[in-house]
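Quick note on labels: first sequence line is chain A, next is B, and so on, each numbered from 1.
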There are 2 protein chains.
Amino acid sequence: MKKQTNSLSRQMPRMTRQRQVILEELGKVKSHPTADEIYRKVRRRLPRISLGTVYRNLEILSDCGSISKLDLAGRQRRFDGDLTPHYHVRCVQCERVEDVRAEPHTELEKSLTDATGYRIIGHRLEFIGICPRCQKRSHATGRRAAACG
Amino acid sequence: MKKQTNSLSRQMPRMTRQRQVILEELGKVKSHPTADEIYRKVRRRLPRISLGTVYRNLEILSDCGSISKLDLAGRQRRFDGDLTPHYHVRCVQCERVEDVRAEPHTELEKSLTDATGYRIIGHRLEFIGICPRCQKRSHATGRRAAACG
DNA sequence: GGCACTATCAGGAATAATTCTTATTATGAA
DNA sequence: TTCATAATAAGAATTATTCCTGATAGTGCC
Ligand SMILES: [Mn+2]
Ligand SMILES: [Mn+2]
Ligand SMILES: [Zn+2]
Ligand SMILES: [Zn+2]
């Protein structure tokens with residue numbers, strides 16, 4: 001329903017305290033936090049910040065190319081401070097999202113223009129699996145399917 | 001393209017009129033409609049149906065393997081009556097989603113278990129581009145953003 | 001410093017998609 | 001028919017996100 005904003009389409013505006021802290025907190029983690037996870041982290045340093053400010057600044061930082069907004073499966077948006085091109089793997093049980101270090105498979109896009117008529121500008125590849133933690137737990141308990149960690 | 005290990009995990013319950021019409025309407029189209037698009041179609045035949053019933057039955061039909069629930073980018077869920085394995089391409093401008101007829105690239109999943117520790121059960125590959133219709137309409141804005149989800 | 005101008009803020013309302021609750025109705029077995 | 005169960009319509013609730021508003025804070029100019 002929303003129009004897609006072009007990446008790098010916005011000049012970096014002034015770096016406010018809130019924006020700085022959001023950027024720092026996102027840089028600290030290897031996970032791929034949602035807006036409200038970032039909000040909780042940032043609030044420890046800026047207790048008066050609002051969730052709206054977090055959303056707005058994540059959008060701004062993403063627009064000017066300082067962070068990346070992930071478009072993964074699931075209803076909640078996730079953000080990534082790591083700008084190098086990489087894929088992700090998601091645990092179906094605990095929803096954890098981790099990096100997959102691999103060369104982008106640009107060859108996948110070959111010949112698709114002919115096949116579809118679309119001008120192909122990219123692709124999203126996301127692996128689905130069960131993380132080591134959840135594998136261990138399902139062996140141990142033999143049941144349970146949510147909220148690990 | 002998640003493997004079909006746990007589809008059919010629910011036995012098909014009785015086929016009600018509402019469920020039947022939802023299935024038929026989804027079977028009619030080549031597009032990948034959202035729940036409310038299906039709701040609008042179905043309502044022409046069953047004007048008293050509720051959106052909640054559409055959601056509930058799409059869930060049930062998907063659980064028992066009669067349709068598939070797509071896990072694409074974007075905040076709105078889409079459904080597909082076509083159960084054969086295939087990929088999709090999404091137009092960034094008009095959000096249209098169309099099929100990509102291609103062999104599943106199962107080789108992508110090779111070696112990921114070693115690299116990540118995850119037990120890989122599938123992958124989701126979605127191409128991003130501009131559809132022929134939107135190419136015609138757009139003003140040569142040469143955007144080039146390789147999005148690797 | 002004082003002033004205008006603008007960006008950003010906090011807080012909360014609004015929106016959108018989806019799920020849940022409740023009272024009612026349909027189905028089918030005994 | 002009687003009864004238990006499954007499914008329904010309607011709408012409330014929830015969740016994630018965006019938008020609005022009035023207040024505040026940074027910037028350039030005098
Ligand atoms: Mn990452
Ligand atoms: Mn399809
Ligand atoms: Zn896990
Ligand atoms: Zn298009």
Base, sugar-phosphate alone, or nothing: which one does [X] contact when heavy atoms must sit under 4.0 Å apart?
X     : value
A/D36 : nothing
B/R56 : base
B/I49 : sugar-phosphate

Using whole Å, what does the distance between atom [atom2] of nucleotide [N] and atom [atom1] of [X] come to?
X     : N      : atom1 : atom2 : value
A/N57 : D/dT18 : CG    : C1'   : 14 Å
A/R78 : D/dA16 : CZ    : P     : 11 Å
B/R43 : D/dA9  : CZ    : C1'   : 13 Å
B/R14 : C/dA29 : CZ    : P     : 10 Å
B/L61 : D/dA7  : CG    : C1'   : 13 Å
B/M15 : C/dG28 : CE    : C1'   : 17 Å
B/E59 : C/dT19 : CD    : P     : 6 Å
A/Q76 : C/dT19 : CD    : C1'   : 15 Å

Side chain of A/T53 - closest among D/dA7, D/dA9, C/dC9
C/dC9
Of all the nucleotides listed (C/dA10, D/dT17, D/dA9), which has the minimum atom distance to the side chain of A/R48?
C/dA10
Determine, step by step, whether A/K28 and A/E25 satisfy the salt bridge (charged side-chain N to carboxylate O under 4.0 Å, His left out) criterion, reporting the C-alpha distance in whole Å, the side-chain angles of both residues, the deciding distance to 0.1 Å, and the verdict.
CA-CA 5 Å; A/K28 273 189 201 167; A/E25 291 299 319; 2.9 Å; yes
Kindly say whether B/V97 contributes a backbone atom to a donor-acceptor pair with the side chain of B/H32 at under 3.5 angstrom?
yes
Please determine which of A/V21, A/L46, A/I49 meets the side-chain contact (heavy atoms from CB on, under 4.5 Å) test together with A/V54.
A/I49
Would you sort out whether A/E59 and A/K69 count as a salt bridge (charged side-chain N to carboxylate O under 4.0 Å, His left out), showing the intermediate values?
CA-CA 8 Å; A/E59 191 68 27; A/K69 181 161 62 170; 3.1 Å; yes
Quantify the bending of the helix from C/dG1-D/dC30 to C/dA30-D/dT1 as the angle between its end axes, each fitted on five pairs, to 10°.
20°
Would you say [X] reaches [N]'s phosphate, i.e. side-chain N/O to OP1/OP2 under 4.0 Å?
X     : N      : result
A/R77 : D/dT18 : yes
B/Q18 : C/dA26 : no
B/T16 : D/dA6  : no
A/Y55 : D/dT18 : no

Kindly work out whether a path of hydrophobic side-chain contacts (I/L/V/M/F/W/Y, heavy atoms less than 4.5 Å apart) joins A/L108 to A/V100.
yes
Verify same cluster id: A/L23, A/Y55 (apolar side-chain graph, 4.5 Å)
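The answer is yes; both residues are in one hydrophobic cluster.
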More than 12 heavy atoms of other groups within 6.0 Å of A/E107 CD:
yes
Run the salt bridge (charged side-chain N to carboxylate O under 4.0 Å, His left out) check on A/R124 and A/E126 step by step: do they pass?
CA-CA 7 Å; A/R124 296 178 204 290; A/E126 178 190 347; over 6 Å; no
Toward the 5' end of DNA chain D, which comes first, B/R19 or B/P47, by nearest nucleotide?
B/R19
